[in-house]
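Input: a single structure, listed below in C-alpha cells.
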Amino acid sequence: MSERFTPLVIVRVHELALKGQNRPFFKRALYENLSYALRDLPVSRIQERALRFIVRLTDPAAWPEVSERLRWVFGVANFSPGLETALTVEAMERGLHGLLDRYGPPQGSFRIRVKRTNKSFPLTSPELERELGRLVQKRTGAPVDLSEPDVTYTVEVLYDRALVSGDALPGPGGLPIGVSGRVVALLSGGFDSPVAAYRLMKRGCFVTFVHFYAYPYVRPISIEKAVELARHLSRFQPPKNRLIVVPIGDAQRVIALAAEPSLRVVLYRRLMLRIATAIAHEEGAEALVTGESLGQVASQTLENMRAIGAVTDLPLLRPLVGNNKDESIAEAVRIGTEPISLVPDDDCCTVFVPLHPATRVSPEQAEAAEQAYDVAALVEQCLARRTVYEVDPLCWDPLMALAAATA
C-alpha cells in the first residue's frame, strides 16, 4: 500500500521575489488575496515558505477548482499540485510514487528538476535529478527529455522538508491587488478600456470602474456590456468591487446645442474626466485610467489628449498609449474580454458628433467653448443620476442603471 500524503498546491510568486524591505507587505497582500480566492474550498491552511505559498487541501478532488481560481490571482507566477516529504532521498521517492498514484503517469516525456534552497543536502541537484528520474522511468516507462519534456516534476529541497510537485501551470504574474492603491478606470464597451484596467490590476491597483452612456440617445446594450466586462474583470480583485454607471446623454445634448460641432468630442471627454475625477476623490483613488491609444481616433491626438487631460488634478494613466488596435484586441482575447467587447453597441462619444471632428484642440479653445454652458451644473446633474453596483458582481442587474436614467 502506498504511503498517504496530504495533498498540496505549491504557489510560486512572481515579482515579490525582487522586493527588498517591503517584501512582507507584498507577501501579506498576496496571502490575503489567496485566502479570499480559495475562501469556500476545502483548504485547511495556507502557509508561506521561502517565497512560495503552500496550500493544504483537505479534499484532493478540489484541485480543478483551486487551479481555476489561482489563474485569477495576481502575484502568482505558477502553481502545481504536490506533496510534502521528509528530507531524505527515500522520502522523496515515496513522494513521487504518491504523486504518480494521485495524478497518473506523465503523458509523454518527462524530466526531473531539483531546486536546492538547502545547499547542505548531501546530493547535488544533478545527482538527485538522475536518482529520481530513474525511479519515474522504471515505474512508468516514459522517456526522459531534458530539453522539451511534456511534463516536468519539480523537487524543492528546503531546510526542513522537501516539496515534490507535478507540472506547473501559469498564473497571471504581476503584483498582488491592493499594493499599489486604488484607481478609477473609465470603462466603455470596447476592446481597449478593459485591457487598460487589467494592466493596472496587474500592477497591484484596486480598480473602481466608471461607465458613461448616452441614454436616451443610444441603446442600453452598452450598460449590459459594461456590467459583463466589470463582472469578468472583478474575478481578479478581492471583495468590494464597484461599478458606477453615469448617464450623460442629456448633458451631451446641452453641449451639442451650445458648442461648435467640431469640438464636441473633446468637450464630451472633458466632461467625463471631470465626473470621473469627482468619483475618484470620493473613492479615495489616486489616479484615473483610460484606454486611449495615440492617433487611434480623432480625440486621441497629442493636442486633444492634452486638452482633455487638463481638467483633472489626478494623474491620468494611459497604459495602451503605444498600442495599435490589433495589439489591444490580442490582449483582450488572452484575458477573456474580447467576446464581450465584440458585441455591437453604441459609444456615447459618437452622439451628436460631426463627420470631421477637430484633431488639434488646445486647452484654451476648450475652456472658451465651455463658457457657453454651466460645466459644474452638468457634472452635478450627471453624478446625481448615477447607479452604483457593489458587493457581489454576479448579482449586478443592468436594468438598475436604465431605471435610474429614466426616473
Side-chain angles (χ1 to χ4, degrees), residues 14 71-72 74 170-175 177 180 183-214 218 221-237 241 243-245 265-266 268-269 272-273 276 285 287-309 312 314-351 353 357 359 393:
H14 195 229
R71 291 176 52 243
W72 299 90
F74 285 123
L175 298 174
I177 291 287
S180 300
V183 298
V184 163
L186 280 65
L187 184 69
S188 72
F191 295 101
D192 300 318
S193 59
V195 173
Y198 173 90
R199 288 196 179 182
L200 267 293
M201 288 176 166
K202 191 169 183 177
R203 301 316 305 152
C205 289
F206 200 103
V207 175
T208 294
F209 306 102
V210 176
H211 175 68
F212 297 98
Y213 71 104
V218 297
I221 185 67
S222 73
I223 304 174
E224 298 174 26
K225 289 179 64 177
V227 168
E228 285 300 317
L229 287 167
R231 184 179 287 154
H232 181 84
L233 291 170
S234 291
R235 300 185 196 183
F236 291 100
Q237 297 192 144
N241 287 287
L243 165 66
I244 301 171
V245 178
V265 174
V266 169
Y268 294 164
R269 297 288 295 176
M272 292 182 212
L273 277 196
L288 303 180
V289 183
T290 73
E292 292 168 293
S293 171
L294 185 61
Q296 188 161 275
V297 294
S299 66
Q300 295 175 19
T301 63
L302 280 178
E303 294 90 342
N304 284 2
M305 290 166 74
R306 176 170 172 256
I308 293 166
T312 183
L314 294 173
L316 181 54
L317 308 179
R318 298 177 170 109
L320 307 187
V321 70
N323 274 32
N324 62 38
K325 181 61 75 174
D326 288 342
E327 291 168 330
S328 295
I329 291 175
E331 191 163 353
V333 170
R334 185 176 60 80
I335 67 175
T337 57
E338 183 259 357
I340 307 170
S341 298
L342 200 58
V343 176
D345 71 335
D346 304 308
D347 190 316
C348 63
C349 283
T350 62
V351 175
V353 171
T359 58

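In this text the structure is predicted, and so the values were computed from the model without any measurement.
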Pairs meeting criterion salt bridge (Lys or Arg N to Asp or Glu O under 4.0 Å) with involvement of residues 183-193, two or more places apart |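 For residues 183-193, and leaving out neighbouring residues, the salt bridge (Lys or Arg N to Asp or Glu O under 4.0 Å) pairs sorted by first residue read Asp192-Lys325.
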Arg269 CZ to Asn304 CG distance, which is reported to the nearest 0.5 Å |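 The distance works out to 10.5 Å.
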Could you give the distance from CD1 (Ile308) to OG1 (Thr290), rounded to the nearest 0.5 Å?
->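 The CD1 atom of Ile308 sits 8.5 Å away from the OG1 atom of Thr290.
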Listed partners of [X] passing salt bridge (Lys or Arg N to Asp or Glu O under 4.0 Å), at least two apart:
X	result
Arg334	Glu331
Arg235	none
Glu327	none

Considering residues at least two apart in sequence or located in another chain, which fulfil the side-chain hydrogen bond (donor to acceptor under 3.5 Å, both in side chains) criterion with [X]?
X	result
Glu228	Arg231
Thr312	Thr277
Arg306	none

Check step by step if side-chain contact (heavy atoms from CB on, under 4.5 Å) holds for Leu186 and Ser193.
-> CA-CA 7 Å; Leu186 280 65; Ser193 59; 5.9 Å; no
Run the side chain to side chain contact (heavy atoms under 4.5 Å, CB included) test against [X] and tell me which residues pass, sequence neighbours left out.
X	value
Ser234	Phe209, Asn241, Pro393, Trp396
Ala332	Phe191, Val195, Thr337, Glu338
Ala185	Ala197, Val207, Val289
Leu302	Leu294

For Phe74, what residues pass the ring pair (Phe, Tyr, Trp, His ring centres under 6.0 Å) criterion, not counting sequence neighbours?
->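 Expected list: Tyr198, Phe236.
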Hey, which of Val227, Val210, Thr208 is the one that makes side chain to side chain contact (heavy atoms under 4.5 Å, CB included) with Leu243?
->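 That would be Val227; it is the only one of Val227, Val210, Thr208 passing the side chain to side chain contact (heavy atoms under 4.5 Å, CB included) with Leu243.
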Distance-minimising heavy-atom pair for Leu317 and Ala287 =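 That would be CD1-CB, 3.9 Å.
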What heavy-atom pair brings Asn323 and Arg199 nearest, and what distance separates the two atoms?
->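 Here Asn323 and Arg199 meet closest at ND2-NH2, 3.4 Å.
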